[in-house]
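Notes for the one structure printed next.
Values reported hereafter were calculated over all heavy atoms of this structure, with side chains retained and with hydrogens, waters and symmetry mates removed. Below, chain A is the first sequence line, B the second, and so on; all start at residue 1. Values in this document were obtained by computation on a predicted structure and should not be read as measured data.
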Amino acid sequence: MLPAALRLSATTQITATLRAGRRHASPYFVLHVVKTNDSNAKFAFAVNKKVGNSVVRHRITRQLREVVQHNLSLVPVGSHIVIRALPSIRQASFAQLGQAFSETIGKVN
RNA sequence: CGAGUCGGCCGGGUAAUCGCGGCAGGUCAAACUGUCGAGGAAAGUCCGGACUCCAUAGGGCAAGAGUGGUGGAUAACAUCCACCUGGGGUGACCCACGGGAAAGUGCAACAGAAAGUAAACCGCCGAGCAAUCGGUAAGGGUGAAACGGUGAGGUAAGAGCUCACCAGCGCAUGUGGUGACACAAGCGGCUAGGUAAACCCCACUCGGAGCAAGACCAAGAGUGACCUUCGGGUCCAGUGCAGGUGACGGCCCGUCAUAUACCUGCGGGUAGGUUGCAAGAGGUCGUUGGUAACAGCGAUCGCAGAUGGAUGAUUACCGUUAGUUUCGGCUAACACAGAAUCCGGCUUAUAGGCCGGCUCGCCAC
RNA sequence: GGUCGAUUGGCGCAGUUGGUUAGCGCGCUUCCUUGACAUGGAAGAGGUCACAGGUUCGAGUCCUGUAUCGACCA
């Protein structure tokens, strides 16, 4: 779990981000990004049932969270970001995930 | 030593760095410190309970659902233990939704003469010139299933028609057992088929809904407000309007109500907080009773509580397995699976490993 | 988290006290009709009744478990 300030929790904000946000794709996940005037960047994770069973989905969200935590300096302030995992993420290692995230977040800027 | 059978347990470990959630301390608030943080199935939601609301879940009838050998355990159960009966195995042991088919109804396709109280297709025997008629359930054939088996007597041929033994059925008796039941000897008539996970009968049990139950707090009121690219969107949760009526899920009693209730229709509309919510039929050890399930007593332990949802990430070393090897190593993989109110079970998934009881076979002393 | 429902040819559906060979419509294939097509006509293929076990002589149907899909809750 991220610190509370970095979490997107309201359903309305998440659905708004998913619908209206710009999309940036990588082989393993899709970023939905909306820029706001908030002082923090905020994140939410969407891992579909097609990705795997409960154990697999939890491990993926934990790894993605860790990736976000390590690359927080690359993220523009005030962005609302929903990270939607794709089924191919099952084959990705932690290092591959970190590289994919830093590349994709570079496209946002 | 080999083969088998039953039961129990574990199901990666250690360290470092960086993180997350709860609780306690600390602080105005933070920072910070300490401590705890997934499973044997947390799963499926198939049973049973606790708890909450409906009246305290009330009394009776009807309907419906469930269970189904006996005795016990338990808060309760479809669970567990012991035993009985039937079946399998040399044996340890295993398997069984295991009441009633002489209370009644139904069903049995095709084949077959006939599918349940009757029946003669072939065959056999007798009568007759023959057609055919009569006797016959021993033999053939059909079928999942065809009205006891063996032997002797008997007969025109046969047949429980008669007899002996065996199997099976019914009745009452005795002995043992709490009981299911077992054993013994006796009498009876010689035959009663299958299906109840078909209806049904018998005995016993069951009110309904479920923690999104329920309680409290704040906010909110409508021919509403705001934004708009004119398509629509956003906000306020548990609401507004109209009509009807007593409600308690079928009926009677009974209880509570007379509109802040209930029902129907149309429209609007969204996922605030706190609590319920972590000491419980609790775990471990010892001891007593009991064949056992389990129960009593004593000591001791403090053991998850999230809400877009914590319990992790990375690295190093070790362990296990597989491949490879120049025997130093190297490479790859590490089961099933993630709490959501809580307990007792059942069922299903599960790489690999450990321990113990018992049985059979072989060898040695 | 809880409460329910469904699964039958490619698609949509029937299939009731369990019984001979599981049907219907659309679609598909071949042939006929036409100069050619549509329509029409004739013939045909296509099913492990989601999967596994049980009851029964016999299961799409009855019982139990598993899988997948879907709906509802304030």
Side-chain angles (χ1 to χ4, degrees):
Chain A
M1 207 181 244
L2 292 168
L6 301 183
R7 270 183 269 157
L8 259 185
S9 61
T11 302
T12 53
Q13 286 180 317
I14 290 171
T15 51
T17 306
L18 279 172
R19 276 190 202 153
R22 292 184 61 83
R23 284 177 299 176
H24 301 276
S26 90
Y28 304 126
F29 49 82
V30 179
L31 298 186
H32 296 251
V33 182
V34 162
K35 296 195 177 177
T36 68
N37 297 324
D38 288 354
S39 55
N40 289 320
K42 293 193 173 192
F43 297 89
F45 303 91
V47 185
N48 193 274
K49 224 175 190 176
K50 283 176 185 169
V51 173
N53 63 19
S54 180
V55 173
V56 172
R57 298 201 304 271
H58 267 84
R59 194 178 60 239
I60 285 166
T61 47
R62 284 162 185 158
Q63 287 178 331
L64 286 175
R65 241 183 249 132
E66 202 70 16
V67 164
V68 167
Q69 194 91 13
H70 284 132
N71 296 285
L72 209 55
S73 57
L74 302 174
V75 178
V77 172
S79 320
H80 286 186
I81 300 180
V82 174
I83 302 175
R84 181 156 57 82
L86 300 173
S88 60
I89 202 169
R90 259 181 302 189
Q91 280 84 40
S93 69
F94 183 75
Q96 286 173 313
L97 280 185
Q99 197 184 357
F101 183 78
S102 52
E103 280 173 10
T104 316
I105 205 73
K107 292 187 211 163
V108 173
N109 290 326

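In this structure B/A73 sits in a base pair with B/U79, meeting the Watson-Crick or G-U test at under 3.5 Å. Figure legend. B/A337 is base-paired to no nucleotide; pairs are counted as Watson-Crick or G-U wobble with both atom distances under 3.5 Å. Across all strands shown, B/A257 has no partner, as no Watson-Crick or G-U wobble contact with both distances under 3.5 Å is found. Using the Watson-Crick or G-U wobble rule with both distances under 3.5 Å, B/A43 pairs with B/U347. Searching all strands for a Watson-Crick or G-U wobble partner of B/C169 with both distances below 3.5 Å returns B/G188. Under the Watson-Crick or G-U wobble criterion, with both distances below 3.5 Å, B/G240 is paired with B/C266. Using N1 to N3 plus N6-O4 or O6-N4 for Watson-Crick, or N1-O2 and O6-N3 for G-U wobble, each under 3.5 Å, B/G153 pairs with B/C161. Partner assigned to B/A15 is B/U315, using Watson-Crick or G-U wobble distances below 3.5 angstrom.
A glycosidic torsion no more than 90° from 0 defines the syn conformation; C/A42 lies beyond that range and is anti. Taking syn as a glycosidic angle within 90° of 0, B/G328 qualifies as syn.
Within the 4.5 Å cutoff, no side-chain heavy atoms of A/V75 are placed close to those of A/V68. With a 4.5 Å cut-off on side-chain heavy atoms, A/N71 and A/I105 do not count as touching. Side-chain contact between A/F101 and A/L74 is absent, with no heavy atoms from C-beta onward closer than 4.5 Å. A heavy-atom distance below 4.5 Å is not found between the side chains of A/I83 and A/V67. Between A/L64 and A/F43, the closest side-chain pair of non-hydrogen atoms is not below 4.5 Å.
Side-chain atoms of A/Q69 lie closest to B/G19 of the nucleotides B/U314, B/A310, B/G19. The side chain of A/E66 sits closest to B/A313 out of B/G338, B/G308, B/A313. For A/Q63, counting side-chain heavy atoms from C-beta on, the closest listed nucleotide (B/U314, B/A38, B/G308) is B/U314.
To the nearest angstrom, C1' of B/G308 lies 16 Å from CZ of A/R84. Straight-line distance from the NE2 atom of A/H58 to the P atom of B/A340: 11 Å, rounded to whole Å. Rounded to an integer number of Å, the gap from A/R57 CZ to B/A42 P is 20 Å. Put simply, CZ on A/F45 is 13 Å from P on B/C20, counting in whole angstrom units. Rounded to an integer number of Å, the gap from CZ of A/R62 to C1' of B/G37 is 12 Å. Residue A/R59 contributes atom CZ, which lies 19 Å from atom C1' of B/G309 at whole-angstrom precision. One can place CG of A/L64 at 12 Å from P of B/U314, the figure rounded to the nearest angstrom. Rounded to a whole Å, the CD1 atom of A/I60 is 15 Å from the P atom of B/G309.
B/G44 and B/A182 have their C1' atoms separated by 45 Å, given to the nearest Å. Nucleotides B/U5 and B/C330 have their P atoms positioned 43 Å apart, rounded to a whole Å. The same atom, C1', is picked in B/U74 and in B/A50; the two are 15 Å apart, to the nearest Å.
For A/V47 and A/V55, each mapped to the nucleotide of RNA chain B holding its nearest heavy atom, the one lying further toward the 5' end belongs to A/V47. Place A/T61 and A/N53 on RNA chain B by their nearest nucleotides, and A/T61 ends up nearer the 5' end.
Residues that satisfy the side-chain hydrogen bond (donor to acceptor under 3.5 Å, both in side chains) test with A/R84, not counting sequence neighbours, are A/H32. Residues meeting the side chain to side chain contact (heavy atoms under 4.5 Å, CB included) test with A/Q96, sequence neighbours left out: A/Y28, A/A92, A/S93.
In this structure, A/H70 and A/F94 have perpendicular ring planes: the angle between them is above 60°, well past the 30° mark.
Stem analysis of RNA chain C (at least three stacked-register Watson-Crick or G-U pairs, each with both distances under 3.5 Å) gives C:1-7 with C:67-73, C:10-13 with C:23-26, C:28-32 with C:40-44, C:50-54 with C:62-66.
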